[in-house]
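Sequential numbering from 1 along the given sequence is applied to the chain's residues. In this text the structure is predicted, and so the values were computed from the model without any measurement.
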Amino acid sequence: MNLKLIPWRTTLFENPETAKYVLQIFLNINGQMNESIEAVEKGTSPEEYKALKRGVGHVLYEVFDKIIGPICKRHPSLKPPEMEG
């Protein structure tokens, strides 16, 4: 099989245990990034807060688009309940 013909997003982590491990790590990272936004809100200027929130938002989108989404697509049983709907 020529993997160059298959988009990498559909081939991410064939092994369910590996997928589960990686998914959990990145879900934890996402949670920590969200917490960082909340933690600095009161201690920064509105401009700094907005810049951090925008930057973290871009990272969260990329992590979801490139890692979390493809894992959940390939392994629907691993999809967290909060992602349903």
Side-chain angles (χ1 to χ4, degrees):
M1 179 189 299
N2 186 350
L3 291 179
K4 291 181 180 180
L5 300 177
I6 300 172
W8 71 272
R9 292 180 192 189
T10 60
T11 62
L12 197 57
F13 304 118
E14 181 177 339
N15 180 296
E17 290 302 313
T18 301
K20 182 178 180 179
Y21 175 76
V22 172
L23 179 63
Q24 192 58 53
I25 288 173
F26 279 93
L27 289 174
N28 288 335
I29 290 169
N30 276 8
Q32 290 174 346
M33 285 192 289
N34 280 324
E35 288 173 14
S36 75
I37 293 170
E38 295 169 10
V40 301
E41 181 176 12
K42 293 180 182 173
T44 60
S45 70
E47 295 81 18
E48 290 175 319
Y49 176 71
K50 186 176 180 180
L52 175 66
K53 192 172 178 180
R54 182 178 294 126
V56 170
H58 288 294
V59 173
L60 290 173
Y61 172 81
E62 288 297 319
V63 167
F64 181 83
D65 186 53
K66 303 291 192 293
I67 299 170
I68 295 173
I71 289 173
C72 292
K73 186 174 182 177
R74 183 164 196 164
H75 303 281
S77 65
L78 298 178
K79 190 179 220 181
E82 59 270 16
M83 288 178 58
E84 294 295 332

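Within the 4.5 Å cutoff, side-chain heavy atoms of Gln24 are placed close to those of Asn28. When side chains are defined from C-beta on, Met83 counts as touching Ile68, because their heavy atoms get closer than 4.5 Å. Looking at heavy atoms from C-beta onward, Ile29 lies out of side-chain contact with Val63 at the 4.5 angstrom threshold.
From Lys50, atom NZ reaches atom CD of Glu41 across 14.0 Å, with rounding to the nearest 0.5 Å. To the nearest 0.5 Å, atom CZ of residue Phe13 and atom CG of residue Leu23 are 10.0 Å apart.
Contact detail for Leu78 and Pro16: the closest heavy-atom pair is CD1-O, 3.9 Å. Nearest heavy-atom pair, Glu14 versus His75, reported as atom, atom and distance to 0.1 Å: O-CE1, 3.2 Å. Counting all heavy atoms, side chain and backbone alike, Leu60 lies closest to Asn34 at CD1-OD1, 3.4 Å.
Sorted by first and then second residue, the pairs that involve residues 52-63 and meet side-chain hydrogen bond (donor to acceptor under 3.5 Å, both in side chains), not counting sequence neighbours, are Glu62-Lys66.
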